[in-house]
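Structure first, then comments.
Chain naming here is simple, since letters A, B, ... match the order of the sequence lines and numbering starts at 1 in each.
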There are 4 protein chains.
Amino acid sequence: MGSTPHTRRSDTRERIQRTALDLFVARGYEKTSLREIAEQLGVTKAALYYHFKTKEDILRAISDQVGGPVDELIDWGEAQPPTPETKRELLCRYSEKLRGAVPVFRILQENQASLRALDIGGRLRERVTRLSRLMRAGDEGLDAQVRFSSALFTVHFGALALDDVMGDPEEKRLATLAVALEVLGTAAAGR
Amino acid sequence: MGSTPHTRRSDTRERIQRTALDLFVARGYEKTSLREIAEQLGVTKAALYYHFKTKEDILRAISDQVGGPVDELIDWGEAQPPTPETKRELLCRYSEKLRGAVPVFRILQENQASLRALDIGGRLRERVTRLSRLMRAGDEGLDAQVRFSSALFTVHFGALALDDVMGDPEEKRLATLAVALEVLGTAAAGR
Amino acid sequence: MGSTPHTRRSDTRERIQRTALDLFVARGYEKTSLREIAEQLGVTKAALYYHFKTKEDILRAISDQVGGPVDELIDWGEAQPPTPETKRELLCRYSEKLRGAVPVFRILQENQASLRALDIGGRLRERVTRLSRLMRAGDEGLDAQVRFSSALFTVHFGALALDDVMGDPEEKRLATLAVALEVLGTAAAGR
Amino acid sequence: MGSTPHTRRSDTRERIQRTALDLFVARGYEKTSLREIAEQLGVTKAALYYHFKTKEDILRAISDQVGGPVDELIDWGEAQPPTPETKRELLCRYSEKLRGAVPVFRILQENQASLRALDIGGRLRERVTRLSRLMRAGDEGLDAQVRFSSALFTVHFGALALDDVMGDPEEKRLATLAVALEVLGTAAAGR
DNA sequence: CATGAATGAGAGTTCATTCAT
DNA sequence: CATGAATGAACTCTCATTCAT
């Protein structure tokens with residue numbers, strides 16, 4: 001009845017991305033070979049190379065799914081005054097970015113060592129640096145710095161750790177965020 | 001003339017371990033080849049095989065440097081009553097184990113994806129599970145669980161993140177621990 | 001409006017040939033991929049296949065730019081009496097064929113090993129054989145044979161070697177030819 | 001009887017070199033795959049990599065068989081006064097270097113295009129440049145330059161071309177050299 | 001005329017591992 | 001204790017080529 005008549009145009013690129021994501025999550029970036037990706041997809045290795053220039057390029061495409069949004073968030077943050085309120089807002093928004101992209105964050109997290117040699121690793125590190133600077137702005141004390149890190153760890157790793165635990169995802173996210181804000185709050189309000 | 005008569009026993013084994021640790025930290029477990037380790041050490045690959053059965057075995061030896069102590073900690077915890085005090089004590093002791101073994105923890109952390117296929121990964125996961133159970137004992141609420149995770153993240157990742165930041169290590173450790181205890185405290189005391 | 005009405009016939013075919021020639025000279029036949037040719041031309045690889053059946057076919061088209069003329073020269077030579085004058089004339093005419101087609105000769109020269117497997121290589125070898133026979137006709141002595149070879153080397157490689165040296169091309173060509181004729185002359189006259 | 005008791009020590013490196021030489025001559029450098037070399041030798045590809053770092057490295061080892069001697073020759077030449085006699089001597093000695101190493105020179109000659117990208121190509125070009133400078137020293141006229149080139153072509157390509165022609169090799173070499181000296185002689189004596 | 005998508009074959013290279021000495 | 005030599009399996013990547021549209 002006209003449903004997807006011949007949408008074949010080229011969803012292949014996206015299918016590669018999806019399959020690669022699954023395998024990278026399950027077996028790690030290094031341990032996943034292009035042969036595996038191709039086989040699981042029912043195409044040849046060469047087909048992957050038609051759509052992506054290198055293996056790293058596939059990872060990059062996946063990584064960019066979250067890289068872009070997070071960069072926007074940081075840009076926004078750098079345009080705001082460095083008030084406690086801004087910092088709280090940053091945490092909230094970061095938590096939202098995490099939602100729905102957990103597998104991507106997990107790959108970046110668990111393959112950190114492999115990323116180091118790749119330029120993706122550099123970009124990732126840059127983001128962390130900029131985020132750190134943002135949060136520390138205006139208060140360089142050790143206690144404040146620890147609180148910031150702790151709050152960010154809570155949001156970031158909380159999302160990853162609680163992902164495969166039963167319960168309503170949104171409820172878990174809000175609980176996590178609440179604790180993070182509490183940790184941060186003391187420092188930010190403490191001024 | 002009496003000091004360390006023949007204590008050489010197996011100098012090489014330890015030198016391999018140290019070199020491997022350095023390289024695993026710098027380039028990652030997968031990306032570090034036995035050739036590199038051997039070259040940096042000035043021996044042949046075959047020599048490594050005299051001291052270790054496989055590459056994984058080298059990693060295992062490194063991992064065991066922290067595995068043992070942490071297992072002891074967990075054993076101790078499971079023998080205690082599940083009071084808030086016990087939980088605080090666990091955090092303190094875990095923080096102490098971290099001190100001085102940061103590179104090893106870093107390897108385990110950053111090569112997680114690679115470890116998954118190895119049995120080291122299994123043991124690691126088991127430790128996390130047991131630790132979780134310990135902390136949650138007596139209070140299964142979502143808020144408490146989040147607080148526990150958050151406190152542990154703070155101690156664990158705080159140690160890794162603050163390692164390459166200037167400042168007195170012990171001071172940083174105590175500040176981190178203080179925040180972690182604060183996060184935990186509310187939940188533990190909330191009973 | 002009347003000039004070159006539809007003379008476009010096959011502009012692309014020639015552009016492919018020219019681009020391929022440039023790349024074959026610069027990077028060698030084997031090392032030049034169809035992708036490179038296509039990219040430099042702003043078309044797709046598949047487009048090349050519309051105009052040429054295979055990669056070898058492109059090379060053949062280029063090679064034929066000189067193959068035809070040289071074959072004519074040989075045909076002419078075989079129809080002449082084997083006098084010294086004929087041999088001198090052959091050298092002169094070969095020198096003229098070289099002029100303006102240096103890049104093509106250079107490709108054939110520098111990619112000899114690659115050509116061996118191709119049928120172009122066979123044809124090339126055949127030409128050399130026929131030319132040799134022509135020059136040796138009537139005098140099979142070792143000295144004469146060496147002189148012939150030497151004269152031909154002088155004309156052939158002289159054109160290639162002096163190409164990227166400053167100076168008036170025609171002047172260089174004539175100087176080269178003079179030496180070649182001198183070398184040949186003794187033998188031819190020696191009869 | 002004591003013949004070659006267990007000379008196994010390691011002639012493999014040399015056997016690889018010999019086999020590679022044969023195949024490079026027969027099929028060209030690019031068209032010869034490491035698989036072929038290994039198969040013909042009855043070892044694995046990996047064994048080749050135990051003895052040589054790259055494919056290029058095998059070629060380099062082969063090329064160095066003539067590279068060293070020729071470099072010595074050039075060094076010698078540069079230490080002499082630029083007299084006609086020196087130039088004649090250079091030709092004679094070059095001719096002697098060629099004798100017995102024809103296959104190596106042939107590889108370098110016929111795979112020129114492939115060598116260009118390799119650093120072997122650079123070294124080769126450098127040798128040619130230095131040799132050219134040597135011969136031209138003291139006389140920069142076009143005629144002299146052409147004569148020098150012609151003489152060198154005669155010796156160099158003569159050796160390659162006459163190799164697979166019947167007749168006593170040494171006799172052929174001397175005949176070739178005689179012609180080369182004659183060509184050169186006029187220029188050198190002409191002063 | 002030309003493209004987008006894909007393929008099969010094979011390349012060079014690296015790795016962890018083994019074993020006789 | 002340690003080495004030199006070798007292997008088998010796998011890897012990422014490139015190439016010339018095809019074909020439906």
Side-chain angles (χ1 to χ4, degrees), chain A residues 6 8-13 16 30-38 41-58, chain B residues 8-13 16 29-38 41-58, chain C residues 8-13 16 29-38 41-58, chain D residues 6 8-13 16 30-38 41-58:
Chain A
H6 46 148
R8 184 61 25 79
R9 235 195 24 200
S10 186
D11 59 334
T12 305
R13 196 185 148 94
I16 293 173
E30 306 260 22
K31 283 282 205 182
T32 303
S33 75
L34 295 181
R35 179 176 55 71
E36 280 173 304
I37 300 178
L41 217 70
V43 296
T44 29
K45 275 183 291 170
L48 304 186
Y49 278 92
Y50 178 77
H51 293 282
F52 295 91
K53 240 173 45 181
T54 63
K55 186 187 180 186
E56 184 181 348
D57 229 52
I58 301 182
Chain B
R8 182 70 21 89
R9 242 195 19 192
S10 193
D11 182 21
T12 306
R13 198 185 147 93
I16 293 174
Y29 173 70
E30 305 261 20
K31 283 281 204 183
T32 302
S33 72
L34 294 185
R35 178 175 55 70
E36 279 173 302
I37 299 177
L41 218 69
V43 298
T44 13
K45 269 185 293 173
L48 304 184
Y49 278 90
Y50 179 83
H51 295 280
F52 295 92
K53 235 176 46 188
T54 63
K55 184 187 181 187
E56 184 181 348
D57 232 50
I58 303 181
Chain C
R8 183 69 20 88
R9 242 196 19 193
S10 192
D11 182 22
T12 306
R13 198 184 147 93
I16 292 174
Y29 174 70
E30 305 262 20
K31 282 282 203 182
T32 302
S33 73
L34 294 184
R35 179 174 55 71
E36 280 174 302
I37 299 178
L41 218 70
V43 298
T44 13
K45 267 184 294 173
L48 304 184
Y49 277 90
Y50 180 83
H51 294 281
F52 294 93
K53 236 175 47 186
T54 65
K55 185 188 180 187
E56 185 181 347
D57 233 52
I58 302 182
Chain D
H6 45 148
R8 185 59 26 78
R9 234 194 26 199
S10 187
D11 59 334
T12 306
R13 196 185 148 96
I16 292 173
E30 307 261 19
K31 282 283 204 183
T32 303
S33 76
L34 295 182
R35 180 176 54 72
E36 281 173 303
I37 299 178
L41 217 69
V43 297
T44 29
K45 271 186 292 171
L48 305 185
Y49 277 91
Y50 178 77
H51 293 281
F52 295 92
K53 241 174 47 183
T54 62
K55 185 187 181 188
E56 184 181 348
D57 230 51
I58 302 181

Within less than 4.0 Å of OP1 or OP2 of [N], is there a side-chain N or O belonging to [X]?
X     : N      : answer
A:Y50 : E:dA6  : no
B:R35 : E:dC15 : yes
D:T12 : F:dA5  : no
B:T44 : F:dA2  : no
A:S33 : F:dC11 : yes
D:Y49 : E:dT13 : yes

Under 3.5 Å on both distances, the Watson-Crick or G-U partner of F:dA10: E:dT13

According to the Watson-Crick and G-U wobble definitions, with both distances under 3.5 Å, which nucleotide is paired to F:dA20? E:dT3

Whole-Å distance between [N] [atom2] and [X] [atom1]?
X     : N      : atom1 : atom2 : value
C:L48 : F:dT18 : CG    : C1'   : 14 Å
D:L34 : F:dC11 : CG    : P     : 20 Å
B:H51 : F:dA2  : NE2   : P     : 4 Å
D:F52 : E:dT14 : CZ    : P     : 15 Å
D:K53 : E:dT13 : NZ    : P     : 11 Å
B:E56 : E:dC15 : CD    : C1'   : 16 Å
D:D11 : F:dG4  : CG    : P     : 17 Å
B:D57 : E:dT17 : CG    : P     : 9 Å

[atom1]/[X] to [atom2]/[Y] distance, rounded to the nearest 0.5 angstrom?
X     : Y     : atom1 : atom2 : answer
C:I58 : C:R13 : CD1   : CZ    : 9.0 Å
B:S33 : B:K45 : OG    : NZ    : 8.0 Å
C:K53 : C:L48 : NZ    : CG    : 15.5 Å
B:L34 : B:T54 : CG    : OG1   : 9.0 Å
C:Y50 : C:I16 : OH    : CD1   : 11.0 Å

Taking the minimum atom-to-atom distance to the side chain of D:A46, which one of F:dA6, E:dA6, E:dT14 wins? E:dT14

Give the nucleotide from the list E:dT3, E:dG12, E:dA6 with an atom nearest to the side chain of C:A47. E:dT3

A:Y49 six-ring face occupied by A:K55 cation (under 6.0 Å, within 45°): no

Classify the side chain of A:K45 and the base of E:dG8 as holding, or not holding, a donor-acceptor pair under 3.5 Å. no

Pick the nucleotide of DNA chain E nearest each of A:G42 and D:T32; which residue has the one closer to the 5' end? A:G42

Select from A:E36 and D:V43 the residue whose nearest nucleotide in DNA chain F is closer to the 5' end of that strand. D:V43

